[in-house]
2 protein chains.
Amino acid sequence: MARVGLSVQRLVAAAAELADEAGFDNLSVSALARRFGVKDASLYSHVRNLQDLRTRLALHAGGELIDRIAAAVAGRAGKEALTAFAGAYREYALEHPGRYAATQIRIDQALIADSPALRRTAEITYGMLRAYGLAEPDLTDAVRLLRSTFHGYCVLESAGGFGADRDVGASWDKAVDALHITLEHWPRERKSDD
Amino acid sequence: MARVGLSVQRLVAAAAELADEAGFDNLSVSALARRFGVKDASLYSHVRNLQDLRTRLALHAGGELIDRIAAAVAGRAGKEALTAFAGAYREYALEHPGRYAATQIRIDQALIADSPALRRTAEITYGMLRAYGLAEPDLTDAVRLLRSTFHGYCVLESAGGFGADRDVGASWDKAVDALHITLEHWPRERKSDD
DNA sequence: CCCACTTCCTAGATGCTCTAGGATTTCTCC
DNA sequence: GGAGAAATCCTAGAGCATCTAGGAAGTGGG
C-alpha cells in the first residue's frame with residue numbers, strides 16, 4: 001500500500017501551507033488528505049478531529065510569529081523595538097494569511113498555559129514596553145492597546161477593508177509612530193493624590 | 001400546509017438572532033430553516049445561497065451599528081464624540097457578537113458602493129475627526145488607526161483574548177483616552193520644508 | 001520469524017448546501 | 001366570486017464534508 005509517512009508534524013506543516021493558499025476557512029480534513037493522496041479517515045489516526053487540527057496549527061503559527069518578532073526586537077529598545085515588533089508582526093500576517101488567521105481562534109486555556117510560545121509572546125511584549133516606564137495597570141492597558149491595534153490593522157488590511165486611495169504601508173508606519181507618541185504621553189493612573 | 005410567512009427581512013432578522021446565539025460560524029441555512037419549522041430548500045426561494053444570507057446579515061448589522069454610533073455621536077465633538085463613538089461601537093460588538101462578526105466578512109465592492117450604511121459610516125468617522133484639524137493623508141491614516149484599534153480590541157475581547165487580571169472596560173477607557181491624545185499630538189505629514 | 005504496533009484502508013452514518021420540479025396557498029384583476 | 005398568475009413550501013436527490021468502526025497491510029523489536 002506504499003505508506004506516505006504521515007505524522008502530526010507533517011500534517012500541521014501541510015495544513016499551514018493549505019491554509020495560506022486556500023484560506024483558513026477552507027482548511028478541511030478532506031482537502032488535507034487529498035494533498036497527501038490519502039483517504040480522509042487516515043488522518044484521524046494522527047489528529048483527533050478538525051478542531052484539534054486547527055488548534056495545533058494555531059499553536060504552530062503562534063510560535064513562528066513570536067520567533068520572528070523576537071528576532072526582530074533582539075538588541076533594540078524604545079521606538080526602535082516598537083517599530084521592529086510591528087514590522088515583523090505585519091509582515092508575518094501578510095505573508096501567511098492562513099497561518100495568521102489560525103492564531104485568532106479561541107484556544108482552550110489549559111493549552112495556552114503550557115504553550116511556551118504564548119508565554120514568550122507576553123514576556124517579549126511586556127519587556128518591550130518597559131522602556132516607556134509604565135507601571136501596572138497602565139502596562140497591561142498599553143499591551144492591550146498595542147495588540148488590538150496591530151491585530152485589527154492586519155485583519156482589516158488582509159480582508160481588503162481599507163478602500164481609500166492611500167498607501168497601506170504608509171498608514172501603518174504612521175500608526176506605529178502614533179502609538180509611540182501615545183506610549184510616551186500615556187494617561188497614567190493617578191496615585192490618589194490630587 | 002399552513003405557510004409560515006417567510007420573507008427576506010424575517011430571514012435576516014432570524015439569522016441575526018441565530019448568529020448572536022450560536023455564533024456567526026454556526027449560522028447555516030439548515031439551522032435557520034429549523035428555526036422556522038420549515039425545510040432547508042424552502043429558504044432558497046428568498047435567499048440565493050448561504051453566501052447571500054451572510055452578506056445580507058452583514059449589511060443589516062452594519063446599518064444597525066452605524067445607527068447606534070450616529071445616535072451616540074450626535075451633538076458631540078472632540079473627545080466627547082470620540083468616547084461616545086467608541087462606547088457605542090464596543091457596546092454593539094459585545095451585545096451582538098454574531099451580528100458584529102458578520103460585519104467583518106469580505107463584501108463585494110459593488111454592494112458596498114450602494115450601501116448607504118457603509119457610506120454613512122465613513123462620513124461620520126471622518127466628520128468626528130474634523131475636530132482634530134487633520135488634513136489628508138493624515139486624516140485617512142487616523143481613520144485607519146481608529147478602526148483598527150476599535151475592531152481589534154472588540155475581536156480580542158469577545159474571543160477571550162485578554163487573560164490578564166485587569167478590568168476589560170477600564171482598559172478600553174484608557175485606550176480611548178490614549179487615542180484622543182494621539183490625535184492631538186498626531187505626527188503630521190511634513191510640508192516639504194524641514 | 002513472529003508478534004505488537006502503526007498506518008492506511010473500506011464502509012457507512014450523519015449533516016450540510018443547493019438544484020429540479022411539483023403541489024398548494026395566496027394574490028390580482030375582471 | 002372565480003380564474004389565472006405568482007409566490008410559498010414541499011419532496012427527492014446529488015455532492016461534499018466530518019467522523020466512527022473495524023479490518024488489512026506494512027514496520028520494528030525481541
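Please read these numbers as outputs of a predicted model, since none were measured by experiment.
- You'll find that the side chain of B:N49 is closest to C:dC18, out of C:dC18, D:dC19, D:dC9.
- In this structure, B:L43 atom CG and D:dA7 atom P are separated by 18 Å, rounded to whole Å.
- For the pair A:D40 CG and D:dC16 C1', the interatomic distance rounds to 10 Å; values are reported in whole Å.
- A ring-centre distance under 6.0 Å is not found for B:Y89 and B:H151.
- No side-chain donor-acceptor contact under 3.5 Å links B:T140 and A:R166.
- For B:L32 and C:dT17, the CG to C1' distance is 13 Å, given to the nearest whole Å.
- C:dG15 atom P lies 17 Å from atom CG of A:L50, rounded to whole Å.
- Distance, A:L53 CG to D:dT18 C1': 12 Å, rounded to whole Å.
- Residue A:S28 has no polar side-chain atom (N or O) positioned under 4.0 Å from OP1 or OP2 of D:dC16.
- Remark: P of C:dT17 and CG of A:D25 are 15 Å apart, rounded to the nearest angstrom.
- For A:T149 and B:T149, the side-chain atoms include at least one donor-acceptor pair closer than 3.5 Å.
- With respect to the salt-bridge test (charged N to carboxylate O, under 4.0 angstrom), the residues A:K79 and A:E184 do not qualify.
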Sort me out a list of protein N/O and nucleotides 11-15 of chain D N/O pairs below 3.5 Å, or just none if empty.
none

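- Between A:H46 and C:dC8 there is a side-chain polar atom (N or O) within less than 4.0 angstrom of OP1 or OP2.
- B:T55 contributes atom OG1, which lies 14.0 Å from atom NE2 of B:H60 (distance to the nearest 0.5 angstrom).
- Atom-to-atom, CG of A:L6 to P of C:dC5 comes out at 21 Å; the value is rounded to the nearest Å.
- Between B:R34 and C:dC16 there is a side-chain N or O to OP1 or OP2 distance below 4.0 Å.
- Remark: P of D:dT8 and CG of B:L11 are 10 Å apart, rounded to the nearest angstrom.
- To the nearest 0.5 Å, atom CH2 of residue A:W172 and atom SG of residue A:C154 are 4.5 Å apart.
- A centroid separation of 6.0 Å or more is found between the aromatic rings of A:F24 and A:Y100.
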